[in-house]
Number of protein chains: 2
Amino acid sequence: MPESHRDDIRNLALFSDMAEENFEALMRGAYVQNFPPRVDLAVEGDTPDFLHIILSGSVDLFSSWNGRETSMATVRPVSTFILAASINDAPYLMSARTLEKSRIVLLPSQDVRDVFMKDGDFARAIVTELAQCYRSVIKNTKDLKLRTSLERLANYLLRQKNRSGSLEFDLVMEKRRLASFLGMTPENLSRAFKGLEPYGVKVQGNHIVITDLDDLARFARPNPLIDDHHA
Amino acid sequence: MPESHRDDIRNLALFSDMAEENFEALMRGAYVQNFPPRVDLAVEGDTPDFLHIILSGSVDLFSSWNGRETSMATVRPVSTFILAASINDAPYLMSARTLEKSRIVLLPSQDVRDVFMKDGDFARAIVTELAQCYRSVIKNTKDLKLRTSLERLANYLLRQKNRSGSLEFDLVMEKRRLASFLGMTPENLSRAFKGLEPYGVKVQGNHIVITDLDDLARFARPNPLIDDHHA
DNA sequence: TCGCTCGCTTGACATTTATCAAGCGACTTT
DNA sequence: AAAGTCGCTTGATAAATGTCAAGCGAGCGA
């Protein structure tokens with residue numbers, strides 16, 4: 001494990017407060033691996049042998065049932081997944097697959113649970129992390145249940161605008177995956193983009209331009225209790 | 001605070017492992033209150049002044065946006081809500097309202113955070129609780145995104161069957177709220193019940209009889225990674 | 001460069017779900 | 001008992017969303 005990776009991990013809120021010796025113990029069992037795109041890292045139902053930390057690239061979390069599949073979230077550096085299963089030693093509820101070439105740290109779940117049991121600061125950091133994850137999923141549920149697909153797309157675009165800090169930005173994922181993430185079909189996403197044109201949204205390939213922010217916001221009605229990440 | 005309530009709370013997984021003195025500290029600031037039906041206990045967006053523990057009755061957690069409203073969950077004794085907001089000191093994402101006459105313990109959030117900061121066992125118990133909540137919401141999202149409303153109802157009925165341990169049971173909530181919880185309108189729930197008749201579901205008012213479990217299960221295709229609570 | 005693949009788009013159509021309006025029936029109130 | 005309320009149901013209709021099939025076009029490899 002190169003020193004720079006060690007520091008990246010140590011700087012994560014999840015690991016920054018724990019005792020040095022416990023962090024060292026975790027790092028001793030850890031190893032870094034490079035994965036090509038489209039590699040399955042975990043399959044739902046599996047027992048969580050490792051806590052994953054993504055250092056570079058991106059990972060798709062998705063779920064399947066009865067031949068259908070839906071994208072649940074995208075994980076980007078530097079962060080961990082899937083923590084809840086590792087700590088609880090319960091089966092994965094989501095599968096994970098690299099979207100691009102990715103560098104990922106694997107921490108044996110048993111080590112994580114051992115340190116969790118003896119390091120209170122680590123336990124508290126996990127609480128903060130899980131509480132954030134929990135709140136994110138609740139927001140996602142509200143988005144799904146309270147909004148139409150057009151409204152979900154409009155609010156998604158506003159969130160991306162805020163993330164990029166510009167009225168002009170590129171989509172960070174394939175449209176087909178965005179569709180799945182937003183709970184609709186690719187065909188419908190295509191139509192939804194057209195449907196937002198009257199509200200000042202220009203789309204060319206992956207490039208989005210919001211030409212009338214007020215108009216879009218008036219339609220989307222963004223709400224901090226659904227759309228503000230980390231709030 | 002009567003002694004019996006104290007014990008009910010102490011026996012909750014969330015509080016059973018913590019140091020006695022810390023538990024006492026929490027209880028000193030706590031008070032029990034009886035609420036009539038349909039009382040708002042918390043409104044989404046509010047700051048969480050109290051961690052709530054429900055001793056009897058039932059509480060609806062729901063969310064609103066743009067004039068629409070959806071039921072997110074029902075809390076039943078003995079359990080806590082809304083923990084994540086209290087710990088994070090972040091605004092409620094859901095509103096809470098008593099469904100019936102309910103007895104509820106209010107623990108000042110600041111006290112909870114104070115004890116959380118000094119009691120590692122309490123922190124670990126919170127992790128377990130939050131991880132469970134998180135996994136429940138993930139399952140709910142999968143249910144919503146991967147299934148049609150008819151399939152959601154069918155699987156809901158199978159879950160209730162398992163809870164009651166019988167092929168015959170009463171619905172534990174009003175149909176209108178069940179509809180909202182399952183992400184559909186009351187009209188559609190009515191039609192969905194009819195749609196399940198061919199699969200061996202008999203409905204009379206709140207009373208449900210599953211006359212052909214195999215048939216229903218063949219249609220519903222229940223999955224532990226969506227339907228098993230606490231797994 | 002040609003031709004292929006693949007994701008995206010479009011149109012026609014089917015299905016699912018919501019909306020609106022009316023009526024039913026249990027329960028409450030007077 | 002009569003009238004009213006309220007939740008549930010039903011039917012007609014509309015809107016949203018999904019499916020299927022075809023075609024477009026950028027990027028890639030032969």
Side-chain angles (χ1 to χ4, degrees), chain A residues 36-38 60 62 64-71 97 99-100 143-157 170-199 201-208 219-220, chain B residues 37-38 60 62 65-71 97 99-100 143-157 170-199 201-208 219-220:
Chain A
R38 292 161 191 262
D60 185 32
F62 64 98
S64 310
W65 178 79
N66 202 18
R68 298 166 212 165
E69 187 177 305
T70 190
S71 178
R97 178 191 297 149
L99 289 166
E100 50 191 314
D143 193 42
L144 280 170
K145 290 184 79 175
L146 292 167
R147 289 171 170 164
T148 66
S149 59
L150 200 58
E151 290 164 343
R152 289 199 296 276
L153 176 60
N155 281 291
Y156 174 84
L157 293 178
D170 288 327
L171 294 175
V172 294
M173 58 176 124
E174 256 182 323
K175 284 184 182 172
R176 48 172 36 236
R177 274 201 342 104
L178 176 57
S180 178
F181 174 71
L182 293 176
M184 52 178 142
T185 58
E187 292 96 327
N188 249 318
L189 177 62
S190 223
R191 294 179 188 116
F193 272 123
K194 289 239 150 146
L196 289 181
E197 259 177 34
Y199 300 101
V201 175
K202 282 204 160 38
V203 183
Q204 264 187 337
N206 277 336
H207 194 69
I208 308 289
F219 170 75
Chain B
R38 290 158 191 263
D60 186 32
F62 63 99
W65 177 79
N66 202 19
R68 298 165 213 167
E69 185 176 306
T70 190
S71 178
R97 178 191 299 148
L99 289 166
E100 49 190 316
D143 193 42
L144 280 170
K145 291 183 78 176
L146 291 168
R147 291 172 170 162
T148 66
S149 60
L150 200 58
E151 289 164 344
R152 289 199 295 277
L153 176 59
N155 280 291
Y156 175 83
L157 293 179
D170 287 328
L171 294 175
V172 294
M173 57 176 123
E174 255 183 323
K175 284 184 181 171
R176 48 173 36 237
R177 274 202 340 107
L178 175 58
S180 177
F181 175 71
L182 293 175
M184 50 178 148
T185 57
E187 291 96 328
N188 250 317
L189 177 62
S190 222
R191 292 178 189 116
F193 272 123
K194 289 239 152 146
L196 289 181
E197 259 177 35
Y199 300 101
V201 175
K202 282 204 159 38
V203 184
Q204 264 187 336
N206 277 336
H207 193 69
I208 309 289
F219 171 76

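Throughout, a chain's letter reflects where its sequence line sits, starting with A, and its residues are numbered from 1. Quantities reported herein were computed from a predicted structural model and do not represent experimental measurements.
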B:Ser180 side chain vs B:Ser71 backbone, donor-acceptor pair below 3.5 Å
yes
Given protein heavy atoms under 4.0 Å, the one-letter contact record of nucleotides 9-17 of chain D, with B base, S sugar-phosphate only and - none, is simply SBBB----S
Integer-rounded Å distance: D:dC8 P and B:Asn206 CG
8 Å
Apply the test side-chain contact (heavy atoms from CB on, under 4.5 Å) to residues B:Leu189 and B:Phe181: give CA-CA distance (whole Å), side-chain angles for both, the deciding distance (0.1 Å), then the verdict.
CA-CA 11 Å; B:Leu189 177 62; B:Phe181 175 71; over 6 Å; no
Report the distance from atom NZ of A:Lys194 to atom CG of A:Asn188, rounding to the nearest 0.5 Å.
13.5 Å
To the nearest 0.5 Å, what is the distance between CG (A:Asp60) and CE (A:Met173)?
8.5 Å
How long is the line joining NZ of B:Lys145 and P of C:dT16, in whole Å?
20 Å
Run the numbers on B:Asp143 and B:Tyr156 for side-chain contact (heavy atoms from CB on, under 4.5 Å), then give the verdict.
CA-CA 10 Å; B:Asp143 193 42; B:Tyr156 175 83; over 6 Å; no
Would you sort out whether A:Asn66 and B:Leu146 count as a side-chain contact (heavy atoms from CB on, under 4.5 Å), showing the intermediate values?
CA-CA 8 Å; A:Asn66 202 18; B:Leu146 291 168; over 6 Å; no
dist B:Leu182:CG -> B:Leu150:CG (nearest 0.5 Å) comes out at 11.0 Å
Expressed as a whole number of angstroms, how long is the span from B:Arg68:CZ to C:dT19:C1'?
13 Å
Please list, for nucleotides 24-29 of chain D, all pairs of protein and nucleotide N/O atoms separated by less than 3.5 Å.
none

Please report, rounded to the nearest Å, how far the C1' atom of C:dC8 is from the CD1 atom of A:Ile208.
13 Å
A:Asp170 backbone acceptor or donor facing A:Asn206 side chain under 3.5 Å
no
